[in-house]
Amino acid sequence: MLGWAVFCLILALVAAVLGFGGLAGTFVGIAKILFFVFLVLFVVSLLVNALRGRRPPV
């Protein structure tokens with residue numbers, strides 16, 4: 001997920017350098033969304049693993 005966000009950010013930078021303003025804005029928006037989705041999934045994963053480790057054995 002983070003790789004896709006970085007990929008979209010690089011595409012946005014290339015599009016901005018080449019003068020495609022609308023396209024660059026679109027890629028920046030996609031990169032932001034993917035980055036925040038990655039952060040949410042990462043935090044949820046950390047919480048689930050932390051809670052799983054605290055359970056007493058059955």
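We're numbering straight along the sequence, starting at 1.
At least one side-chain heavy atom of I10 sits under 4.5 Å from a side-chain heavy atom of V6.
I33 and L9 fall into different hydrophobic clusters, defined by Ile, Leu, Val, Met, Phe, Trp and Tyr side-chain heavy atoms under 4.5 Å apart, directly or through other members. When hydrophobic clusters are built by joining Ile, Leu, Val, Met, Phe, Trp and Tyr residues whose side-chain heavy atoms come closer than 4.5 Å, directly or via intermediates, L13 is not grouped with W4. Side-chain heavy atoms closer than 4.5 Å link hydrophobic residues (I, L, V, M, F, W, Y) into clusters, and following such links, even through other members, never connects V28 to F20. Each of V43 and L34 belongs to its own hydrophobic cluster when Ile, Leu, Val, Met, Phe, Trp and Tyr are linked at side-chain heavy-atom distances under 4.5 angstrom. In the hydrophobic clustering of ILVMFWY residues, with side-chain heavy atoms under 4.5 Å counting as a link, F35 and V44 come out apart.
Under the 30°/60° scheme for interplanar angles, the aromatic rings of F42 and F38 are found to lie parallel.
The one candidate from L39, V40, L41 that meets the side-chain contact (heavy atoms from CB on, under 4.5 Å) condition with V37 is L41.
Closest approach of A16 to A24, counting heavy atoms only: N-CB, 3.8 Å. Between F27 and A12, the shortest heavy-atom distance links the atoms CB-CB, 3.5 Å.
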